[in-house]
Amino acid sequence: WFCYVDKFTHIIMWFTRIISSFFGIRKKSDLNDDLKSISLKNIIFLFLVLNILFIGSVLLITRIFI
């Protein structure tokens, strides 16, 4: 279980780096502070939000075109 959480945290880390690069270059210390504040509750919340958005978009697209 811990291995999956660690791998997911690594994916989130790269995702946050990509997103932060869209909004401008940040200091490495700012990114480190943000990554230290990640908790299991935040990861679960992000997972649920992304799933709800994905399912909602699939349902919306299928209702429009079908």
Side-chain angles (χ1 to χ4, degrees):
W1 167 251
F2 180 74
C3 183
Y4 291 115
V5 173
D6 189 39
K7 193 177 287 188
F8 189 71
T9 305
H10 184 72
I11 292 170
I12 294 295
M13 179 185 70
W14 283 106
F15 183 71
T16 55
R17 285 185 183 182
I18 292 169
I19 295 299
S20 66
S21 69
F22 284 129
F23 294 117
I25 299 173
R26 297 175 47 168
K27 295 180 185 176
K28 187 177 180 181
S29 61
D30 292 339
L31 182 61
N32 285 336
D33 292 339
D34 291 341
L35 291 177
K36 287 179 185 176
S37 67
I38 291 178
S39 66
L40 184 61
K41 185 171 76 170
N42 291 345
I43 292 173
I44 292 171
F45 179 73
L46 177 67
F47 178 75
L48 289 174
V49 168
L50 290 176
N51 278 328
I52 290 170
L53 288 174
F54 176 73
I55 292 170
S57 63
V58 168
L59 290 175
L60 181 67
I61 290 171
T62 55
R63 289 193 186 241
I64 290 173
F65 293 111
I66 295 179

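Bear in mind that the values here come from a model prediction, so they are computed numbers and not experimental data.
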What about Ile61 and Ile64, same hydrophobic cluster or not, with Ile/Leu/Val/Met/Phe/Trp/Tyr joined at side-chain heavy-atom distances under 4.5 Å? yes
Candidates Val49, Ile55, Asn51 - the one meeting side chain to side chain contact (heavy atoms under 4.5 Å, CB included) with Leu53: Val49
Going by side-chain contact (heavy atoms from CB on, under 4.5 Å), name the residues that satisfy it together with Ile44, two or more places apart in sequence or in a different chain. Leu40, Leu48
Consider only side-chain heavy atoms of I, L, V, M, F, W and Y, link residues closer than 4.5 Å, and tell whether Phe65 and Leu59 are in one cluster. no
